[in-house]
Amino acid sequence: MSAKIEGGKAPADYTKQIETWRAQRVERLKSPNGWLSLIGLHWLKDGKNTVGSAKDNDVVLAKGPSRLGTITLKDGKATIELDAKAAASIDGKPEKSAVLLDDSHEKPTTIAFGTASFYLIDRNGKKGLRVKDSEAQTRKQFLGIDNYAIDPSWRIEAKWEAYQPPHTLEIPTVLGTVDKMPVPGKAVFERDGKKYELLPVLEEKDAKELFFIFADRTSGKDTYGAGRFLYADMPKDGKVVIDFNKAYNPPCAFTPHATCPLAPPENRLDLTITAGEKKYRGSHH
């Protein structure tokens with residue numbers, strides 16, 4: 001992350017800070033287990049789920065042994081029994097069975113095989129396998145990120161209006177589900193003489209940053225249709241700095257195997273925000 005930018009005027013090395021932030025963003029994306037490495041998302045059914053690359057499995061992996069093993073889902077708890085011939089590991093160890101901890105835990109249980117791996121995710125009680133491969137075509141053929149030119153005028157010091165108590169915002173997802181997330185307040189700012197409001201959510205109860213999911217008049221044209229993400233430091237002295245030069249694409253802009261939140265109606269701005277990341281050239285969805 002770049003150095004913190006305090007409210008008021010952008011610092012002298014602002015352009016360099018944004019360039020550094022963008023470079024780090026690309027490196028995270030390109031990492032062997034970053035979002036570009038996703039090759040599958042498979043939802044589990046209750047009971048036994050056979051897993052492997054052979055077509056007659058309940059869960060057909062894009063890569064891996066023909067018979068990897070069986071995952072049993074019962075009462076929301078998933079256990080795995082690996083096939084005796086599957087050259088796979090559980091959290092790096094040659095175990096053959098385990099309870100699968102999902103991604104609500106700090107370290108979900110990882111099943112690895114060759115260059116690929118998966119772990120369990122939980123979305124509103126639905127359990128699925130998120131499959132990654134460091135040799136994924138999306139990673140090997142990554143085209144880079146296109147951005148608008150860095151423009152300090154899009155680093156906006158907004159007025160912060162806290163909610164007491166916090167409100168709740170319904171956030172739709174690409175899965176068709178709705179997540180209810182806490183909103184500690186709203187950011188109010190002016191652009192070209194017009195007033196705008198944005199509602200941030202807290203991803204965790206003890207979140208150290210505000211998370212904005214927004215869309216604007218560039219969405220679906222120059223930028224990703226479902227909206228973009230933006231983090232901001234917590235409010236200070238009744239102000240919050242919203243830096244649209246750091247607006248970035250959700251994982252769903254790069255892969256169909258992610259489970260992204262969508263911009264809620266409250267955060268669809270009638271404003272053309274020519275800052276941050278543009279639409280990904282390599283997207284096929």
Side-chain angles (χ1 to χ4, degrees), residues 1-39 103 106-108 110 115 117 119 130 132-158 187 198 200-204 206-214 216 218 222-224 226-236 240-255 257-261 263 273-283:
M1 300 291 288
S2 62
K4 266 191 185 176
I5 300 169
E6 298 300 335
K9 197 176 173 185
D13 64 345
Y14 178 67
T15 296
K16 187 178 178 185
Q17 286 190 16
I18 297 298
E19 286 172 347
T20 300
W21 183 89
R22 287 178 175 177
Q24 291 171 346
R25 149 83 171 148
V26 170
E27 286 309 305
R28 284 194 301 273
L29 256 185
K30 286 166 55 180
S31 71
N33 63 348
W35 287 112
L36 296 172
S37 70
L38 263 62
I39 59 168
D103 65 342
E106 189 176 346
K107 287 189 175 180
T110 300
T115 59
S117 65
Y119 57 86
R130 170 162 285 160
K132 297 184 175 185
D133 179 14
S134 60
E135 294 294 308
Q137 291 304 302
T138 41
R139 180 171 180 251
K140 292 171 81 172
Q141 297 173 7
F142 179 53
L143 299 176
I145 291 176
D146 297 314
N147 290 282
Y148 287 101
I150 297 171
D151 181 352
S153 77
W154 282 110
R155 177 191 174 277
I156 293 170
E157 188 178 85
L198 272 179
V201 295
L202 299 178
E203 292 184 285
E204 308 287 345
D206 59 348
K208 302 292 189 288
E209 293 178 297
L210 300 174
F211 181 42
F212 293 91
I213 309 164
F214 74 94
D216 65 284
T218 70
D222 294 330
T223 64
Y224 185 57
R228 291 181 287 171
F229 293 171
L230 179 61
Y231 283 94
D233 288 337
M234 286 296 186
K236 186 178 178 183
V240 61
V241 175
I242 301 176
D243 194 340
F244 288 107
N245 290 292
K246 290 183 179 179
Y248 68 96
N249 288 320
C252 289
F254 304 98
T255 173
H257 306 303
T259 58
C260 300
I273 300 175
T274 53
E277 290 184 6
K278 295 182 177 181
K279 193 183 289 184
Y280 178 51
R281 280 174 288 139
S283 178

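Counting begins at 1 with the first residue of the sequence.
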Inset, instruction - Check whether any side-chain heavy atom of L202 lies under 4.5 Å from a side-chain heavy atom of L210, and answer yes or no. - result: yes
Legend entry - W35 side chain near R28 side chain, heavy-atom distance below 4.5 Å: no
Inset, instruction - Search all heavy atoms of P250 against all heavy atoms of R228 and return the closest pair with its distance. - result: CD-CA, 4.2 Å
Legend entry - Residues Y148, T218; criterion side-chain contact (heavy atoms from CB on, under 4.5 Å); working and verdict: CA-CA 11 Å; Y148 287 101; T218 70; 3.7 Å; yes
Legend entry - Minimum-distance pair of heavy atoms, taken over all atoms of P251 and A258: CB-CB, 3.8 Å
Legend entry - Heavy-atom pair of closest approach, residues P152 and Y14: CA-CE2, 3.7 Å
Inset, instruction - Could you tell me the separation between the CD1 atom of I39 and the OG1 atom of T115, rounded to the nearest 0.5 Å? - result: 7.5 Å
Inset, instruction - State, yes or no, whether a side-chain contact exists between I150 and R155 at a heavy-atom distance under 4.5 Å. - result: no
Legend entry - Results of ring pair (Phe, Tyr, Trp, His ring centres under 6.0 Å) for W154 - residues two or more places apart only: F244
Inset, instruction - Go through the steps to decide whether R22 and N245 satisfy the test side-chain contact (heavy atoms from CB on, under 4.5 Å), and finish with yes or no. - result: CA-CA 9 Å; R22 287 178 175 177; N245 290 292; 4.3 Å; yes
Legend entry - Qualifying residues under side chain to side chain contact (heavy atoms under 4.5 Å, CB included), relative to A226, sequence neighbours excluded: Y224, L262
Legend entry - Distance, nearest 0.5 Å, that separates OG1 of T110 from CG of N33: 9.0 Å
Inset, instruction - Taking the side chain as every heavy atom from C-beta outward, state whether L198 and L230 have any atom pair closer than 4.5 Å. - result: no
Inset, instruction - Could you tell me which non-hydrogen atom of A136 sits nearest to which non-hydrogen atom of S37, and how far apart they are? - result: CB-O, 3.8 Å
Inset, instruction - For the residue pair K279 and D222, establish whether any side-chain heavy-atom pair is separated by less than 4.5 Å. - result: no
Inset, instruction - Could I get the full list of side-chain hydrogen bond (donor to acceptor under 3.5 Å, both in side chains) partners for N249, not counting sequence neighbours? - result: E277
Legend entry - Heavy-atom closest pair, residues A158 and I242: CB-CD1, 4.1 Å
Legend entry - Min side-chain heavy-atom separation N147-I18 under 4.5 Å: no
Inset, instruction - Sequence neighbours left out, what passes ring pair (Phe, Tyr, Trp, His ring centres under 6.0 Å) with Y280? Give chain and number order. - result: F142, F254
Legend entry - Non-neighbouring partners of F211 that pass ring pair (Phe, Tyr, Trp, His ring centres under 6.0 Å), sequence neighbours left out: F229, Y231
Legend entry - Pairwise salt bridge (charged side-chain N to carboxylate O under 4.0 Å, His left out) hits with a residue in residues 135-147, at least two apart: E135-K140, D146-R281
Inset, instruction - Go through the steps for I273 and T223 under the test side-chain contact (heavy atoms from CB on, under 4.5 Å), then give the verdict. - result: CA-CA 10 Å; I273 300 175; T223 64; over 6 Å; no
